[in-house]
Amino acid sequence: MGKINVGRWILGGLVAGVVGDIVEAICQGVWLGPSWNAAMQALGKPALTTRMIVEFNLVGLVIGLAAVWIYAGIRPRFGAGPKTAIYAGLVTWLLASLLANTFFMVIPYMYPHHLALYATIADFIACILGTVAGAALYKEA
C-alpha cells in the first residue's frame with residue numbers, strides 16, 4: 001500500500017466539504033431553518049446567527065476532509081470508485097452525525113425528535129453526495 005496523496009486528499013476533502021455544506025444549507029437552512037429557530041427559542045436561546053452558520057460550514061469542511069481521508073484509506077481494499085466513496089460516506093455519516101444526533105433524540109425535550117431525525121437524514125444525503133464528489137478528485141500519487 002502506498003501513502004495517501006496529501007494534495008489530492010485536501011483538494012477532494014475541501015470539495016466534499018463544500019458539497020456537503022451546500023446540501024446542508026438547503027436542508028438545514030431553507031427546509032428546517034424555521035424549525036431550528038423555533039427549537040432554539042423554546043430553549044431560551046437566540047435563533048441561528050451568521051457566526052453559527054460560518055462555524056457549521058467550517059465543521060462541514062473538516063467532515064469533508066475526514067470523509068475523503070477514510071476513502072483514501074479504504075480505497076486499496078475496496079477499489080477506486082463511487083461504491084467505495086459511498087462506503088466512506090456511510091462511515092463518516094455514522095461517526096459524525098448518526099451517533100451525535102442520537103443523543104439529541106435520547107435527551108428528552110431538548111429538541112423535537114422529528115427535527116433530529118430530519119437533520120440526521122439531511123446529514124446522510126450531505127455525507128454521501130459530498131464524499132462521492134470529493135472522492136472523484138482523489139487519485140493515488
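Only a predicted model underlies this, so the values are computations on that prediction, with no experimental measurement involved. Because only heavy atoms are used, hydrogens play no part in the values below, and waters and symmetry mates are left out as well, while side chains stay in.
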| task | State, with a plain yes or no, whether a side-chain heavy atom of Tyr71 is found less than 4.5 Å away from one of Trp9. | result | no
| query | Would you find more than 12 non-hydrogen atoms of other residues, nucleotides or ligands less than 6.0 Å from Trp69 atom CH2? | reply | no
| query | Roughly how far, to the nearest 0.5 Å, is the CG atom of Leu98 from the OG1 atom of Thr92? | reply | 12.5 Å
| Roughly how far apart are Leu115 CG and Asn101 CG, rounded to 0.5 Å? | 9.5 Å
| task | Could you pull out the closest heavy-atom pair between Lys3 and Tyr138, with the gap in Å? | result | O-OH, 4.4 Å
| request: Working to the nearest 0.5 Å, report the span between CG of Asn57 and CD1 of Ile22. | output: 9.5 Å
| query | Between the side chain of Thr84 and the main-chain N/O of Ala80, is any donor-acceptor distance below 3.5 Å? | reply | no
| said: Starting from Val15, can I reach Ile125 by hopping between I/L/V/M/F/W/Y residues whose side chains sit under 4.5 Å apart? | reply: yes
| Around Gln41, counting heavy atoms of other residues, nucleotides and ligands shown, do more than 12 lie under 6.0 Å from its CD? | no
| said: Ignoring hydrogens, what is the shortest heavy-atom contact between Val68 and Ala16? Give both atom names and the distance. | reply: CG2-CB, 3.9 Å
| query | Do you reckon Ile86 sits in the same ILVMFWY cluster as Trp93, going by side-chain contacts under 4.5 Å, direct or chained? | reply | yes
| request: Measure the shortest side-chain to side-chain distance between Gln28 and Phe56 over non-hydrogen atoms and say whether it is less than 4.5 angstrom. | output: no
| field | 4.5 Å side-chain heavy-atom contact, Arg75 and Tyr87 | value | no
| said: Between Asn5 and Lys139 (side chain of the first, backbone of the second, donor and acceptor by atom type, cut-off under 3.5 Å), is there such a pair? | reply: yes
| request: Please round to the nearest 0.5 Å and tell me the distance separating atom CG of Asp123 and atom CD of Glu24. | output: 4.5 Å
